[in-house]
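Small disclaimer: the values here were computed from a predicted structure and weren't measured. Order of listing sets the numbers, starting from 1, for every ligand and every atom in it.
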Amino acid sequence: MSENSQVGVGSPDAQVSSKRGIHGTWPSRWTFVLAATGSAVGLGNIWKFPYIVGENGGGAFVLVYLVCILVVGMPIMVAEIMLGRRGRHSPINTMRYLTKEAGLHGGWNAIGWLGVTAGLMILSYYAVIAGWALHYIGHMASGTFQGVSAEQAGIIFGDLLADTNTLIFWQSVFLLLTMGVVMGGVTKGLGVAVRVLMPLLFVLLLVLLVFGYQQGDFARGFSFLFSFNIEALTWKGVLIALGHAFFTLSLGMGAIMAYGAYMPDHARIGRTVIAVGFLDTLVALVAGLAIFPIVFANPTIAPSAGPGLMFVSLPVAFGNMSGGLLFGSIFFVLVTLAAWSSAISLIEPAVAYLVESKGFNRFTANLLLGFIVWLVGLGSVLSFNVWAEARIAGFNFFEFMDFLTSSVMLPLTGLFIAIFVGWIMKPQAVREEMNDEPSSVFFVWRWVVRYLSPLAVLVVFVMGIYKTFS
Ligand code: PHE
């Protein structure tokens with residue numbers, strides 16, 4: 001049975017006092033791996049990772065990012081899944097149940113609220129960017145980029161950003177697609193789609209990699225990504241790397257906690273997380289290796305071009321290779337699908353909460369949340385044109401939403417999760433949930449979550465914020 005096929009209504013207290021969730025469980029650990037990978041692999045890997053690497057000087061940033069994935073991201077992913085599976089509800093009610101179970105102050109519920117709010121805020125701009133990808137499918141297919149130069153590709157992209165109505169149209173289409181799936185339930189639709197499409201996405205990225213290798217400046221692209229140039233690294237950059245580790249693994253906002261709530265009882269969490277973390281990192285690195293050789297071969301594209309990087313450099317590649325129009329359209333279809341399987345996990349926690357506690361059904365919950373997200377998203381649409389000069393704390397609206405969520409809310413929620421699991425929850429409860437792990441794995445993980453992850457997040461967060469604003 002799909003985990004979302006039932007609609008449950010009830011008082012929060014009645015709900016949280018039972019350990020069984022109302023949404024059901026994934027049929028197997030693999031379905032969880034697929035769903036979590038679908039959530040993790042998205043615009044963060046293909047669109048965001050390359051451009052933040054470009055903006056933050058390359059190799060040293062990549063190294064810091066990889067360290068953050070290992071030391072902070074994967075251990076906290078284990079913690080989130082574990083919490084979700086123990087609570088078996090939406091992140092908000094899961095945290096309610098767990099704080100109650102441990103006899104703790106209700107303030108710990110903030111973890112759930114912060115996460116759910118961050119998810120909706122991310123979705124507001126995520127839908128705008130995914131809308132660009134949707135728009136590019138048609139452009140690719142109709143030959144707009146045939147034989148295009150980097151300069152022309154830049155102009156075409158600039159024209160899109162200036163066109164408010166088109167941006168709003170595609171943003172709305174993407175949000176409707178997302179709501180449609182979450183209304184119907186996740187496993188059958190997306191679970192199956194992800195299994196077929198993720199491998200295809202990977203193959204196409206490899207095709208682009210080969211193109212970059214043959215036609216681009218591969219050596220420069222490679223050394224930009226992997227040579228360690230410490231001078232290019234700033235505290236702000238380190239904070240962005242940390243925030244991105246959370247973003248790309250879908251952590252600190254309840255998505256993985258919500259998915260963990262649907263996980264079978266005896267599935268080993270550690271292995272699962274290694275699989276998801278590995279696939280996610282691989283897609284990001286291959287995307288970088290596909291994009292930067294093309295960037296360096298075209299002097300009109302700067303590696304620090306920002307959010308438009310992928311939308312300028314890849315069309316140049318596609319427009320100038322044989323079969324590129326076909327590959328190009330397929331590629332943007334896949335980017336859209338990757339974004340789609342992530343977007344559903346951005347809205348699912350809030351939907352699950354409204355269904356559990358507020359008497360909504362999935363349909364109305366999606367309508368309400370979708371509308372709010374759409375409205376907030378208009379701010380991001382306008383920040384690319386009409387409001388381009390408006391500033392909040394030095395950022396435009398889109399940058400502000402991104403900074404606030406990725407660099408502030410996700411790391412903070414992650415920090416609270418590490419502290420909660422490492423220091424607050426009863427050790428037996430933690431061990432019980434992890435009892436399929438060998439004790440050495442459990443020991444190392446618990447140590448990392450108690451000491452290393454919180455310390456790393458704290459230092460990077462404080463220094464990053466301080467340096468960003470000083
Ligand atoms: N991980 C997704 C990506 O990299 C984005 C995301 C963030 C999805 C947080 C869910 C939760 O694109």
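Here side-chain hydrogen bond (donor to acceptor under 3.5 Å, both in side chains) pairs that include residues 403-421, with residues two or more places apart or in two chains, are K48-S406, D402-S406. Residue pairs that meet the side-chain hydrogen bond (donor to acceptor under 3.5 Å, both in side chains) test with at least one member in residues 281-291, sequence neighbours left out, do not exist here.
In this structure, ligand 1 sits under 4.0 Å from heavy atoms belonging to S39, A40, G42, L43, G44, N45, Y126, F247, T248, S250, M253, S342, S345, L346.
Residue W30 places its CH2 atom among 12 or fewer non-hydrogen atoms of other residues, nucleotides or ligands, all under 6.0 Å distant.
Contacts of Y65 classified as ring-ring contact (aromatic ring centres under 6.0 Å, His included), with partners at least two apart in sequence or in another chain: F49, H244.
Using cut-offs of 30° and 60° on the angle between ring planes, the pair F395 and F403 is parallel.
Comment: R86 does not engage D265 in a salt bridge, judged by the lack of any side-chain N to carboxylate O separation of less than 4.0 angstrom.
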